[in-house]
Amino acid sequence: MRPRRHCTTGAVDTWPKIRNMNGIQEDVMPEVQAAELDKLSVEERLYRIRHSTAHVMAQAVLRLFPEGKVAIGPPIENGFYYDFDLPRNLTPEDLEAIEEHMREIVSGNHEFTRKVVDREEALSMFADQPYKLELIRDLPADQEISVYTQDSFTDLCRGPHVETTRRIQPKAFKLLSIAGAYWRGDEKRPMLQRIYGTAWENPKDLRVYLDHLKEVEKRDHRRLGKELDLFSTHEEAGPGLIYWHPKGSRIRVAIEDYWRAQHRLGGYELLYTPHVGKAWLWQTSGHLDFYKENMYAPMELDNAEYFAKPMNCPFHIMIYKTQMRSYRDLPLRWGELGTVYRYERSGVLHGLLRVRGFTQDDAHIFCTPAQVKDEIKEVLRFSLQMWDDFGFKTIKAYLATRPPKSVGDEDRWLTAQASLQEAIEEQGLEFQLDEGGGAFYGPKIDLKVKDALGREWQMTTIQFDFNLPERFDMTFIDTDGKEKRPYMVHRALLGSLERFFGVLIEHYGGAFPVWLAPTQVVVVPVASAFNDYAAGIAKRLFAAGYRAEADLSDDRMNAKIRNAQTAKVPYMLVVGENEQSAGAVSIRTRTGERKEAMSVDDFVAWLGDKVATRAEI
RNA sequence: GCCAGGAUAGCUCAGGGGUAGAGCAGCUCACUCGUAAUGAGCAGGUCGUGGGUUCAAUUCCCACUCCUGGCUCCA
């Protein structure tokens, strides 16, 4: 299954997006008559189908475990889940048995009937269902309480549902996995067993979705990382720490070279700062008060405690404070590919996407109030251009504003929020407002990018910070000769190189565009008699700055092509008698296409163009 | 951290109370070949770590580590 916690899972555009953020039954759709079901949008129909399938599953589970307790079972994107408290742990075989019962229930053509009950009635109906009782007791006093019944099963539920189980096709749903989940997501409460399932309108849609899951698995960056020899992790050497192999490093170098070049053009200076800092630094920044549980334990040295850095900002501020800063010096844009370490609980580590040490493509912008607007606009534009260059074309913005508990002047918050929103609107970006969702120290924009499989990943963050300038007493001298507080914006565009690499691998399924491919060209001689010619071409390409090699192994030509193909090398140059005598190469792309033979000079120019235009192939 | 499942050759995996097997990769030899796998041979393992039960444990039991899928938070 896909890593739900790292991306909004999901789905090709045509697939309905149904979210249930807090995992509790919620439903904003009005009740409709059964006959109207077909008039509903596909999203609304699927919502009902999934919700109803969850009820059917609960009924099936209770058939197997009559003494089981049911918790909640909402529809989610692409499916549904239901949480249970059962006398024993479920096994994968149980899922098959449950599915069997579900098919039988569904084929009974039972109606879903809705009934409104008062609180007392509800409490007595679910007297032996403690989780339901808790839900009922937590409902607001003026809330209408409804229950839905199909066959012999009645559930507390706001609805809506399909009119009969006939709407649930026996071959259009599938149970996928069992997982532990805390009651109401609280680790102090009981651990329940959650069954995830997927449900669709018809068997064909289910098949398309299952194929999609297979494709997701094929593109899994951990699998491709191994197959393509890109990176590894080592439990003996510390979990969650990434080792970049030569081929992975080639890609990283290409990314970093691009990143530096773009930042230079964008008016950034680059910094290098230490990996550890004394307790004073983290005390001043507040990290020891608010972030300690995410930090590596201190090292003691000369009676002082040193911490590995979880963030780069305090170091950049130290540099800021080495001089008196004038308004004439601002804005300062300081970037750093800064490697940070954060403690993550062992259960959450996941390939490149969730690690304990990573390199942020970090930068801090220090500016005057008058400069804020333009700076934000530029950062956003910069970010979008970068995503475009890396081949991600669909971006969504999330603007998070001031939460109730927060620091900083009201007018600074308003200025900051206004400039964030204006920047988004100017770029014509689709965005969602997350009222009160900002950090206590400032509002922010997060960008989610959509990958080739339609999954959204949160990558870019652009964040105001009203806290650190105060804590470190940062100032600049304004035009009136007075000391003022600069604005500080923290931004990471790619996020972290590790995570970005993981997403990039999955986006391209390992078939990187030419400018990023670890090996851009493999020269394949048709027989060993042409080894020298092949080696000469590879050498020439290499000298011209390309990642090219000749395959001079004992393999036959067909095997060499296959090896290059499975390594997803964009171009294979096949050379034999014809090419040698003409000083040419014949080109085969990894898509299987054969191009007309061209002179080596022409190929160099052609390849240069492909790299410069960031062509996929 | 918690719940569940897993860990056997470099990789993918089979097996099972009497101390291990395949394919690919690797090495050697032969083949000199025109757009996705030439053939033969060789080598490769304290069966995750530690403890227990047993005449005997890789197999059964316990603990731990890591991995996988979830739960909370986040780049």
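A note on names: the letters A, B, ... follow the listed sequences, proteins ahead of strands, and every chain is numbered from 1.
The residue A:E579 sits close to a base: some heavy atom pair falls under 4.0 Å. Note on A:T460: nothing from the nucleic acid sits closer than 4.0 angstrom, heavy atoms only. Counting non-hydrogen atoms under 4.0 angstrom, A:Q565 reaches a base of the nucleic acid. Residue-level contact check: A:V355 touches the bases, meaning some heavy atom is under 4.0 Å from a base atom. At a threshold of 4.0 angstrom between heavy atoms, the contacts of A:R594 include nucleobase atoms, whether or not backbone atoms are also involved. Among the protein residues, A:E498 comes within range of no part of the nucleic acid, since none of its heavy atoms lies under 4.0 Å from any strand. Counting non-hydrogen atoms under 4.0 angstrom, A:G576 reaches a base of the nucleic acid.
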Worked check of side chain to side chain contact (heavy atoms under 4.5 Å, CB included) between A:I317 and A:L468 = CA-CA 8 Å; A:I317 292 172; A:L468 290 179; 3.7 Å; yes

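A cation-pi geometry, defined here as NZ or CZ lying under 6.0 Å from the six-membered ring centre and within 45° of its normal, holds between A:R194 and A:Y81. In this structure, A:K448 satisfies the cation-pi test against A:Y398, with its NZ or CZ atom closer than 6.0 Å to the six-membered ring centre and inside 45 degrees of the ring normal. A cation-pi arrangement is present between A:K309 and A:F315, with the terminal nitrogen or guanidinium carbon under 6.0 Å from the aromatic centre and inside a 45° cone about the axis.
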Pairs under 3.5 Å (N/O, protein and nucleotides 22-26 of chain B):
none

Can you tabulate the close N/O pairs, meaning under 3.5 Å, that link protein atoms to atoms of nucleotides 3-13 of chain B?
| residue | atom | partner | partner atom | Å |
| --- | --- | --- | --- | --- |
| B:rC3 | O2 | A:G180 | N | 3.4 |
| B:rA4 | OP1 | A:N89 | ND2 | 2.9 |
| B:rU12 | OP1 | A:K226 | NZ | 3.2 |

Could you go through nucleotides 30-32 of chain B and list every protein N or O atom that sits under 3.5 Å from one of its N or O atoms, giving the distance for each pair?
| residue | atom | partner | partner atom | Å |
| --- | --- | --- | --- | --- |
| B:rU32 | O2 | A:S528 | N | 2.9 |
| B:rU32 | O2 | A:S528 | OG | 2.9 |
| B:rU32 | N3 | A:S528 | OG | 2.9 |

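Counting only Watson-Crick and G-U wobble pairs whose two distances sit under 3.5 Å, RNA chain B takes part in these stems of three or more pairs: B:1-7 with B:65-71, B:10-13 with B:21-24, B:26-30 with B:38-42, B:48-52 with B:60-64.
For the P atom pair drawn from B:rC24 and B:rA20, the interatomic distance equals 23 Å after rounding to whole Å.
When ring centroids are compared, A:F466 and A:Y441 stay outside the 6.0 Å threshold. Taking the six-membered ring for Trp, A:Y82 and A:F80 have ring centres at least 6.0 Å apart.
When each of B:rU68, B:rA75, B:rG1 is scored by its nearest atom to the side-chain atoms of A:V348, the top-ranked nucleotide is B:rG1.
The base of B:rC73 is not paired with the side chain of A:R342 by any donor and acceptor separated by under 3.5 Å. Side-chain atoms of A:Y182 and base atoms of B:rG1 include a donor and an acceptor less than 3.5 Å apart.
With sequence neighbours excluded, the residues that form a ring-ring contact (aromatic ring centres under 6.0 Å, His included) with A:F603 are A:W606.
If you check the side chains of A:Q463 and A:H490, you find no donor sitting under 3.5 Å from an acceptor.
Taking the nucleotide of RNA chain B with the nearest heavy atom to each of A:E577 and A:G185, the more 5' of the two is matched to A:E577. Mapped onto RNA chain B by nearest heavy atom, A:P239 and A:L494 fall at different nucleotides, with A:P239 at the one closer to the 5' end.
Counting all heavy atoms, side chain and backbone alike, A:Q385 lies closest to A:Y258 at O-OH, 4.1 Å.
Applying the side-chain hydrogen bond (donor to acceptor under 3.5 Å, both in side chains) test to pairs two or more places apart or on separate chains, those with a residue in residues 517-533 of chain A are A:R250-A:T519.
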